[in-house]
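Take a look at the structure below.
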Number of protein chains: 2
Amino acid sequence: MTDETGGSATIGTLEKGFGIIETVEELESATLTDVADEMGLARSTVHDYLTTLCDLEYLVKTDGEYQLGLTFTRLGTSATETVQLSDTITPYLERLADATGETVWFLVEECGRAVYLGHAEGDQAIKTEHSIGGRSYLHCHAGGKAILAQLPDERVEEIIDMHGLPEITEHTITSREALFEELERIRERNYAQNHSEQLAETRAVSAAIVVDDEVLGAISVGGPAHRLRGDRFETELPNQVMSVVNEIRINHRYS
Amino acid sequence: MTDETGGSATIGTLEKGFGIIETVEELESATLTDVADEMGLARSTVHDYLTTLCDLEYLVKTDGEYQLGLTFTRLGTSATETVQLSDTITPYLERLADATGETVWFLVEECGRAVYLGHAEGDQAIKTEHSIGGRSYLHCHAGGKAILAQLPDERVEEIIDMHGLPEITEHTITSREALFEELERIRERNYAQNHSEQLAETRAVSAAIVVDDEVLGAISVGGPAHRLRGDRFETELPNQVMSVVNEIRINHRYS
DNA sequence: AAAAATCATCCGCCATCTCCGGAAAGACTC
DNA sequence: GAGTCTTTCCGGAGATGGCGGATGATTTTT
């Protein structure tokens with residue numbers, strides 16, 4: 001099988017099946033031919049897969065178009081629930097969003113990437129392009145860097161080996177040295193900043209949630225660079241974020 | 001394959017793969033042997049599946065235990081987004097929850113079953129055992145009956161043929177005649193009630209959201225029977241629910 | 001600390017099931 | 001109603017999933 005990421009999956013049928021599911025996800029709504037063309041497979045083959053997935057209720061067919069079934073909504077809920085804090089974090093996010101007026105995210109690390117799991121928006125919050133379950137790189141993200149700073153160096157190396165340090169904007173950290181220096185600085189201050197490293201004109205402040213040497217995730221506050229600057233960016237927001245994170249840690253210990 | 005619902009899937013490998021995923025979901029966290037025992041498959045077989053699913057990042061392995069990966073969170077978000085209203089419904093649910101103090105749900109029909117997609121809790125709300133993406137039967141649910149009442153009779157017959165009319169409590173409607181009479185009554189009044197048909201001592205009021213002859217879902221307000229009775233249950237709550245549903249319909253038309 | 005037991009991983013052959021071409025059936029257009 | 005496109009059905013050939021058995025890793029027992 002021609003495979004972009006070189007995954008050495010032993011069971012090709014599963015790879016193909018999920019490939020079809022992800023194709024349907026990207027197209028949002030797709031016909032048999034759409035999927036077959038997109039994946040370069042024979043229509044009869046795709047037909048077998050699609051009917052199977054419909055029988056299993058992972059896809060639904062409406063007016064000749066296939067869509068993701070709501071079984072994924074259930075699995076998504078289950079997957080999210082396996083993450084610690086996921087069920088208790090929302091009030092904290094909302095409080096921080098109210099206090100700062102900006103966009104607040106809760107994110108965790110999985111497979112070397114950041115996954116967005118919760119968010120709240122203050123009254124001045126900018127539109128965010130991310131959604132629950134969305135992913136981004138760790139190295140160009142305040143929350144991502146806050147998490148990396150808490151991981152052992154060899155794990156950080158592993159992650160860099162997996163994903164590299166792709167340059168997302170001109171300010172993205174792209175060398176190992178610079179990244180490790182940055183992580184050291186973050187460890188000293190206990191919070192991380194993002195200076196337009198992921199998206200131009202956008203900044204963020206974040207702190208990791210660490211309980212018993214385990215990194216449970218990070219909380220970040222982000223917004224337009226013209227609002228996040230000076231004392232607010234350097235002192236006020238970091239203190240607000242760290243204060244909430246501290247509260248979460250304490251409450252999590254006794255639960 | 002021993003299969004409870006008699007699905008005639010053509011591609012067995014997919015059925016097995018998703019079976020393993022659902023096993024991991026049920027066990028929340030499982031070892032290779034757990035899954036193999038649960039499914040009655042050889043360990044070597046399960047090993048192949050689990051490593052493949054980890055390579056594809058649908059499962060993650062932590063300390064020798066497999067769990068659902070957060071990729072399902074993303075797919076769940078995508079699946080939910082394919083449903084109309086899913087992105088705009090929350091404020092309405094919250095308003096209704098505030099006004100009534102009870103538990104409010106938004107649900108839709110898929111494959112002949114009710115799927116819970118949104119909820120909000122008032123200050124007196126009882127603990128609910130459902131979660132986002134969870135399913136229940138249509139015939140024993142206020143929202144489910146409200147939806148059924150809007151579907152063509154032949155579709156209702158189809159759904160009964162698929163799932164039957166299982167008796168969940170002693171008050172559940174279990175005969176076709178009684179159900180069709182109930183649906184007729186619902187059509188006359190434009191709202192549905194649940195008299196402990198799904199859970200003892202629990203009642204609910206619901207109305208379907210219908211736009212251009214298409215049933216988009218239903219909103220239900222539920223709570224303990226001792227609070228949902230008399231005029232409140234017969235007039236007040238139905239009016240509150242129908243009022244919100246009406247508002248949703250109007251706003252949805254012009255969007 | 002050695003031994004035993006348990007669990008995860010690797011290997012290779014056989015039986016099975018995927019995969020696709022081609023044909024038939026259905027849907028839509030003009 | 002003829003023509004075009006799409007979906008569905010079918011059967012054979014070749015690829016691959018499935019499992020037993022062996023090896024290595026880890027934990028538990030004595």
Side-chain angles (χ1 to χ4, degrees), chain A residues 1-3 5-24 26-69 111 154 158, chain B residues 1-3 6-24 26-69 111 154-155 158:
Chain A
M1 291 294 117
T2 54
D3 187 339
T5 42
S8 61
T10 44
I11 299 190
T13 306
L14 280 186
E15 194 173 356
K16 215 170 290 177
F18 278 107
I20 287 177
I21 287 169
E22 299 203 349
T23 303
V24 172
E26 278 165 36
L27 300 175
E28 287 180 31
S29 186
T31 69
L32 187 150
T33 333
D34 291 340
V35 178
D37 291 351
E38 185 79 17
M39 302 203 56
L41 293 171
R43 293 181 178 180
S44 47
T45 305
V46 175
H47 177 260
D48 289 347
Y49 275 85
L50 290 175
T51 46
T52 303
L53 289 168
C54 283
D55 282 352
L56 298 173
E57 298 190 359
Y58 286 96
L59 295 180
V60 287
K61 189 178 181 179
T62 338
D63 307 324
E65 303 247 319
Y66 295 89
Q67 293 191 320
L68 294 186
C111 303
E154 53 269 27
E158 238 178 66
Chain B
M1 289 296 114
T2 53
D3 186 339
S8 63
T10 43
I11 298 190
T13 305
L14 281 186
E15 195 174 355
K16 215 170 290 176
F18 279 107
I20 287 177
I21 287 169
E22 300 203 350
T23 303
V24 172
E26 278 165 37
L27 300 175
E28 287 179 31
S29 187
T31 68
L32 188 151
T33 337
D34 291 340
V35 178
D37 291 351
E38 185 79 15
M39 302 205 54
L41 293 170
R43 294 183 178 175
S44 47
T45 305
V46 175
H47 177 260
D48 288 346
Y49 276 85
L50 290 175
T51 46
T52 304
L53 289 168
C54 283
D55 282 351
L56 298 173
E57 299 190 358
Y58 286 95
L59 295 181
V60 287
K61 188 178 182 179
T62 339
D63 307 324
E65 303 247 322
Y66 295 89
Q67 292 192 321
L68 294 186
C111 303
E154 52 270 27
R155 173 76 183 134
E158 238 179 67

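Reminder, nothing fancy here: chain letters follow the sequence lines and each chain counts from 1. Hydrogens, waters and symmetry mates play no part in the numbers below; they use all other heavy atoms, side chains included.
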May I have the distance from [X] (atom [atom1]) to [N] (atom [atom2]), rounded to whole angstrom?
{"X": "B:Glu15", "N": "D:dG17", "atom1": "CD", "atom2": "P", "answer": "16 Å"}
{"X": "A:Ile11", "N": "D:dC19", "atom1": "CD1", "atom2": "C1'", "answer": "12 Å"}
{"X": "B:Asp37", "N": "D:dC19", "atom1": "CG", "atom2": "P", "answer": "14 Å"}
{"X": "B:Met39", "N": "D:dC19", "atom1": "CE", "atom2": "P", "answer": "11 Å"}
{"X": "B:Tyr49", "N": "C:dA8", "atom1": "OH", "atom2": "P", "answer": "18 Å"}
{"X": "B:Leu14", "N": "D:dT16", "atom1": "CG", "atom2": "C1'", "answer": "14 Å"}

* Report the distance from atom CD of B:Glu57 to atom SG of A:Cys111, rounding to the nearest 0.5 Å. => 4.0 Å
* Could you state the interatomic distance from CD1 (B:Ile21) to CG (B:Leu50), rounded to the nearest 0.5 Å? -> 9.5 Å
Check nucleotides 24-29 of chain D against the protein and report each pair of N or O atoms closer than 3.5 Å, with its distance, or say if there are none.
none

* Could you pull out all residues at least two apart from B:Ser44 that satisfy side chain to side chain contact (heavy atoms under 4.5 Å, CB included)? => B:Ala42
* Asked: Is the distance between the ring centroids of A:Tyr66 and A:Tyr58 less than 6.0 Å?
  -> no
Protein-nucleotides 26-30 of chain C N/O pairs under 3.5 Å:
none

* For A:Leu14, the option from B:Leu14, B:Ile20, B:Asp48 that meets side chain to side chain contact (heavy atoms under 4.5 Å, CB included) -> B:Leu14
* Quick one: salt bridge (Lys or Arg N to Asp or Glu O under 4.0 Å) partners of B:Glu38, sequence neighbours excluded? -> none
* Would a distance-only check, ignoring hydrogens and angles, find a side-chain to backbone donor-acceptor pair under 3.5 Å from A:Thr52 to B:Ile11? -> yes
Ignoring hydrogens, what is the shortest heavy-atom contact between [X] and [Y]? Give both atom names and the distance.
{"X": "A:Met39", "Y": "A:Lys16", "value": "CE-O, 4.3 Å"}
{"X": "B:Val60", "Y": "B:Leu68", "value": "CG2-O, 4.0 Å"}
{"X": "B:Leu53", "Y": "B:Gly17", "value": "CD1-O, 4.3 Å"}

* Options C:dC20, C:dT18, D:dG20, nucleotide nearest the side-chain atoms of A:Thr13 -> C:dT18
* Check side-chain hydrogen bond (donor to acceptor under 3.5 Å, both in side chains) between A:Gln67 and all other residues, then give those that pass, not counting sequence neighbours. => none
* Structure fact -> The complete set of side chain to side chain donor-acceptor pair (under 3.5 Å) pairs with one or both residues in residues 27-36 of chain B, sequence neighbours excluded, reads B:Ser29-B:Glu65, B:Thr31-B:Asp34
* Asked: How does protein reach along nucleotides 5-15 of chain D, written 5' to 3' as B (base within reach of a heavy atom under 4.0 Å), S (only sugar-phosphate), or - (no contact)?
  -> -SBSB------
* Sequence neighbours excluded, which residues qualify as ring pair (Phe, Tyr, Trp, His ring centres under 6.0 Å) partners of A:Tyr49? -> none
* To do: Rounding to 10 degrees, work out the angle separating the end axes of the helix from C:dA1-D:dT30 to C:dC30-D:dG1 (five pairs an end).
  => 50°
